[in-house]
Amino acid sequence: MATFFATRLLAWTRDNHRPLPWDNGPRDAYHVWISEVIMQQTRIVQGWDYYLKFIERFPDVGALAGATQEEVLRYWQGLGYYSRARNLHKAAKMVVDELGGVFPHAFEELKKLPGVGDYTAAAIASFAFGLKHPVVDGNVKRVLSRFGGYEGSIDEPSGHKEILALATKLMKGSSPADFNQAIMNFGALVCTPKNPQCTACPLSKKCYAYRNECVDALPVRTKKKTNTLRYLHFLVLSWRGKILLHQRGGKDIWRGLYTPPILETRSTRKPTLKTVTAEVRSLTGTDRFEWTDSSDPVIQVLSHQTLHGRFHHIELLKKPGKAREGFVWVPTRHLDDFPRPKMVVEGGKPE
DNA sequence: AACTCGGGGGC
DNA sequence: GCCCCAGAGTT
């Protein structure tokens with residue numbers, strides 16, 4: 001069975017080249033690492049230009065370690081899951097400061113780097129070093145749950161282990177890098193979530209799901225997704241060509257990114273003048289202002305939250321005091337120096 | 001084990 | 001609308 005799978009899979013790959021953004025560049029540990037982190041939970045097409053621009057600006061681990069977190073986040077702006085960028089930066093510093101700038105080869109050592117989990121460690125170990133570690137991503141879970149007939153939930157740790165065990169068996173005798181690359185491409189192009197190309201599939205003859213007519217029922221997922229509704233009111237305070245930005249911290253979304261000060265409420269209705277006045281006074285030390293405009297609600301759907309945002313334009317009539325810790329007055333022409341979430345980039349555009 | 005963390009595209 | 005994408009960290 002292992003021979004059938006790998007032979008057919010690798011033959012399919014030879015006839016079906018899939019262009020990837022790193023095709024024309026080196027595939028050492030640094031480049032594999034960057035590409036895999038950028039592509040986490042992201043379609044290749046979406047991450048394509050991010051990868052090329054990131055590599056251009058940070059061509060090696062030293063360049064990345066030497067940059068500021070702000071600049072790294074700017075290159076990540078719009079890509080989402082910003083902890084990936086923060087961890088990438090932190091890990092680059094670890095490699096430079098503690099490992100002499102050299103990536104470890106061993107799977108377990110790779111996993112010690114922040115942001116490197118099972119998948120990314122296996123990808124680096126196999127693609128950069130040729131080690132026998134199967135990658136288990138969404139593609140692999142789908143292909144193997146169908147082919148092997150795994151009907152448990154792929155969301156559970158047990159499901160992950162089952163798929164990993166099957167992948168390990170099927171990989172035996174193949175080049176780990178070739179096998180890993182092939183199975184992910186195959187999942188992306190043939191064994192797709194919707195409308196898989198079973199009639200053209202070189203594996204269908206021995207595919208459990210195809211033989212048992214349950215392709216659409218696999219893989220099984222059990223995770224339920226919560227969806228919280230939130231109402232964010234951005235206070236766009238301006239004073240002589242500058243606006244006030246706040247760098248987000250804590251455990252909420254967009255940590256490390258900059259937004260105007262936010263008043264969160266329970267509806268899209270404008271906060272009361274009283275609330276806004278108190279907030280402006282707290283932020284600037286003055287309550288002399290003119291509330292000139294409020295945008296229509298802008299909706300941004302995240303994987304686990306739906307955000308309704310409104311931008312309230314407030315012009316100060318008196319010089320503000322020194323910005324509080326974590327806040328900064330930014331000339332509007334320098335806004336691009338500050339990494340901001342998509343909703344803020346869009347909402348800040350002139351109408 | 002369950003939650004949290006962005007944004008986009010296919011259907 | 002719902003699902004899923006070259007997942008990982010925290011609680």
Side-chain angles (χ1 to χ4, degrees), chain A residues 18 20-22 27 31-51 73 76-88 90-91 110-124 126-127 133-143 153-160 163-164 167 177 179-189 191-196 216 219-228 230 248 250-257 259 298-307 309 339-346:
Chain A
R18 183 190 190 197
L20 292 168
W22 46 86
R27 217 45 189 140
H31 289 81
V32 171
W33 173 52
I34 299 300
S35 65
E36 297 305 334
V37 173
I38 285 179
M39 297 305 169
Q40 285 170 16
Q41 294 296 286
T42 304
R43 291 169 191 275
I44 296 290
V45 289
Q46 188 187 352
W48 192 289
D49 288 345
Y50 281 93
Y51 174 73
L73 281 171
W76 215 267
Q77 176 174 291
L79 196 51
Y81 285 151
Y82 298 96
S83 65
R84 293 182 294 168
R86 296 193 310 270
N87 284 331
L88 210 58
K90 192 190 299 181
L110 288 165
K111 273 191 65 173
K112 291 179 182 171
L113 297 172
V116 177
D118 286 334
Y119 168 79
T120 305
I124 299 172
S126 63
F127 293 136
H133 290 279
V135 291
V136 178
D137 73 334
N139 289 305
V140 175
K141 286 180 174 178
R142 186 171 57 255
V143 171
S153 170
I154 59 164
D155 293 334
E156 305 296 325
S158 57
H160 187 93
I163 300 297
L164 177 62
F179 181 93
N180 282 340
Q181 187 60 65
I183 193 169
M184 287 193 283
N185 287 353
F186 184 79
L189 298 180
C191 196
T192 49
K194 298 285 173 63
N195 304 320
D216 291 338
V220 174
R221 292 180 187 270
T222 51
K223 273 188 187 156
K224 49 173 175 273
K225 46 206 69 179
T226 57
N227 202 345
T228 314
R230 298 177 69 177
R248 293 174 65 80
K251 295 173 183 171
D252 204 353
I253 56 174
W254 303 333
R255 179 148 55 106
L257 275 62
T259 71
V298 178
I299 297 175
Q300 172 77 45
V301 179
L302 308 183
S303 53
H304 55 302
Q305 300 181 8
T306 298
L307 311 176
R340 290 152 294 153
K342 181 204 169 192
M343 175 175 255
V344 171
V345 173
E346 300 282 319

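Just the heavy atoms: all of them, side chains too, but no hydrogens, waters or symmetry mates, feed the values below. Every chain is numbered from 1 and lettered A, B, ... according to where its sequence line falls, protein lines coming before strand lines.
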Any carboxylate oxygen within less than 4.0 angstrom of a Lys/Arg side-chain nitrogen, looking at E156(A) and K141(A)?
no
How close or far is atom [atom2] of [N] from atom [atom1] of [X], stated in whole angstroms?
X	N	atom1	atom2	answer
L164(A)	dG7(C)	CG	C1'	15 Å
D118(A)	dA8(C)	CG	C1'	10 Å
H304(A)	dA2(B)	NE2	P	18 Å
M39(A)	dG7(C)	CE	P	11 Å

Can you tell me if the side-chain N/O atoms of [X] get under 4.0 Å from OP1 or OP2 in [N]?
X	N	value
T120(A)	dA8(C)	yes
K141(A)	dA6(C)	no
R43(A)	dG7(B)	no
Y81(A)	dT4(B)	no
R221(A)	dC5(C)	yes
W254(A)	dG7(B)	yes
K342(A)	dG8(B)	yes

How is [X] classified with respect to the nucleic acid when contacts are heavy atoms under 4.0 Å: base, sugar-phosphate, or nothing?
X	value
N227(A)	nothing
G78(A)	sugar-phosphate
L20(A)	base

For Y82(A) and T228(A), find the nucleotide of DNA chain B closest to each by heavy atoms; which residue's nucleotide sits nearer the 5' end?
T228(A)
Start at the 5' end of DNA chain B and walk down; is the nucleotide closest to S158(A) or to S83(A) reached first?
S158(A)
Counting Watson-Crick and G-U wobble pairs only, both distances under 3.5 Å, name the nucleotide matched with dT4(B), or none.
dA8(C)
